[in-house]
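Side chains included, hydrogens not; waters and symmetry mates left out as well; all remaining heavy atoms used.
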Amino acid sequence: MEKPRKKPSRQQVYTLLVQVGRKDGDGLPEEATGGALMIYASGVDEAEAVRETVAILKQADLAPLDVTGYGTLSEREAQGHDIHDDERALMQRALDENSVVVAQMTPFFNGEESTSDEVEH
């Protein structure tokens, strides 16, 4: 009897920006008011990637407040995003490991977490 062929993975990697609030043990600097995490997460769709990301962040004692999705690698390329090799490598790692990779964590201090559509003059 032949071995059944492994189905090709339907997983894709999504770029997510997650804003987090404060929570005991979150690892943010003491004076920070929150933070933002750039994440590459695998999933069969963006909703699954977001659910998995939020669950993992909560397990890590972070307090996710908002998630913004930027799409897959091909979607970002179609939008004209400049994607460096190191970023591509992290995306590939998330796909290979079927995981959530935190690429960058930026703490916010004293109101820096204002929305991006607010313009400072």
Side-chain angles (χ1 to χ4, degrees):
M1 189 168 161
E2 268 188 59
K3 271 183 159 179
R5 288 190 185 167
K6 188 176 178 184
K7 288 184 181 176
S9 175
R10 293 181 12 232
Q11 298 285 319
Q12 295 189 76
V13 174
Y14 296 87
T15 301
L16 306 174
L17 179 65
V18 182
Q19 287 195 23
V20 296
R22 293 308 315 256
K23 185 177 177 186
D24 286 342
D26 61 14
L28 292 169
E30 190 175 313
E31 59 280 356
T33 56
L37 290 82
M38 180 61 70
I39 291 178
Y40 306 115
S42 66
V44 295
D45 58 25
E46 192 170 75
E48 180 186 57
V50 168
R51 283 191 303 273
E52 292 294 322
T53 298
V54 168
I56 287 171
L57 293 178
K58 286 180 177 180
Q59 287 177 357
D61 287 331
L62 290 166
L65 300 174
D66 186 61
V67 180
T68 303
Y70 290 94
T72 63
L73 175 61
S74 60
E75 290 168 340
R76 291 184 58 204
E77 287 173 331
Q79 294 169 14
H81 292 199
D82 186 21
I83 303 168
H84 299 282
D85 289 342
D86 55 344
E87 191 175 358
R88 290 175 188 273
L90 291 172
M91 290 176 180
Q92 188 61 50
R93 179 178 165 199
L95 184 61
D96 292 345
E97 298 175 3
N98 188 23
S99 64
V100 173
V101 174
V102 177
Q104 183 177 349
M105 183 173 191
T106 305
F108 292 145
F109 299 95
N110 197 21
E112 287 179 336
E113 61 275 10
S114 62
T115 62
S116 59
D117 54 9
E118 290 179 8
V119 179
E120 292 184 40
H121 295 279

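- Inter-residue side-chain proximity for Thr53 and Val18 is flagged as met; some heavy-atom pair is nearer than 4.5 Å.
- Note that CG of Leu95 is 11.0 Å distant from OH of Tyr14, once rounded to the nearest 0.5 Å.
- Using a 4.5 Å cut-off on side-chain heavy atoms (C-beta onward), Val44 and Gln11 make contact.
- The main-chain N or O of Ala32 is found under 3.5 Å from a side-chain atom of Arg22 such that the two form a donor-acceptor pair.
- At a threshold of 4.5 Å between non-hydrogen side-chain atoms, the residues Thr15 and Met91 count as touching.
- Distance check: Leu57 CG to Gln59 CD gives 9.5 Å after rounding to the nearest 0.5 Å.
- The shortest side-chain heavy-atom distance between Ile83 and Leu73 falls under the 4.5 Å cut-off.
- For the residue pair Glu31 and Phe109, the shortest heavy atom distance occurs at CG-CE2, 3.6 Å.
- With respect to the salt-bridge test (charged N to carboxylate O, under 4.0 angstrom), the residues Glu48 and Arg10 do not qualify.
- The environment of Arg93 atom CZ is sparse: at most 12 non-hydrogen atoms of other residues, nucleotides or ligands sit within 6.0 angstrom.
- Each of Val101 and Ile39 belongs to its own hydrophobic cluster when Ile, Leu, Val, Met, Phe, Trp and Tyr are linked at side-chain heavy-atom distances under 4.5 angstrom.
- Residue Leu62 holds its CG atom at 6.5 Å from CG of Leu28, rounded to the nearest 0.5 Å.
- From Leu65, atom CG reaches atom CD of Gln19 across 7.0 Å, with rounding to the nearest 0.5 Å.
- From Glu97, atom CD reaches atom CD of Gln92 across 10.0 Å, with rounding to the nearest 0.5 Å.
- Nearest heavy atoms, Asp61 versus Gly25: CB-O, 3.7 Å.
- The hydrophobic cluster containing Ile56 does not contain Met38, counting ILVMFWY residues as joined when their side-chain heavy atoms lie under 4.5 angstrom apart, directly or transitively.
- Note that the CD atom of Glu52 and the CG atom of Leu16 stand 11.5 Å from one another [nearest 0.5 Å].
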### Query
Passes side-chain hydrogen bond (donor to acceptor under 3.5 Å, both in side chains), Glu87 versus Tyr40? Steps please.
CA-CA 9 Å; Glu87 191 175 358; Tyr40 306 115; 2.8 Å; yes
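- Taking both residues in full, the closest heavy atoms of Pro64 and Val20 are given as CA-CG1, 4.0 Å, listed atom of the first, atom of the second, then distance.
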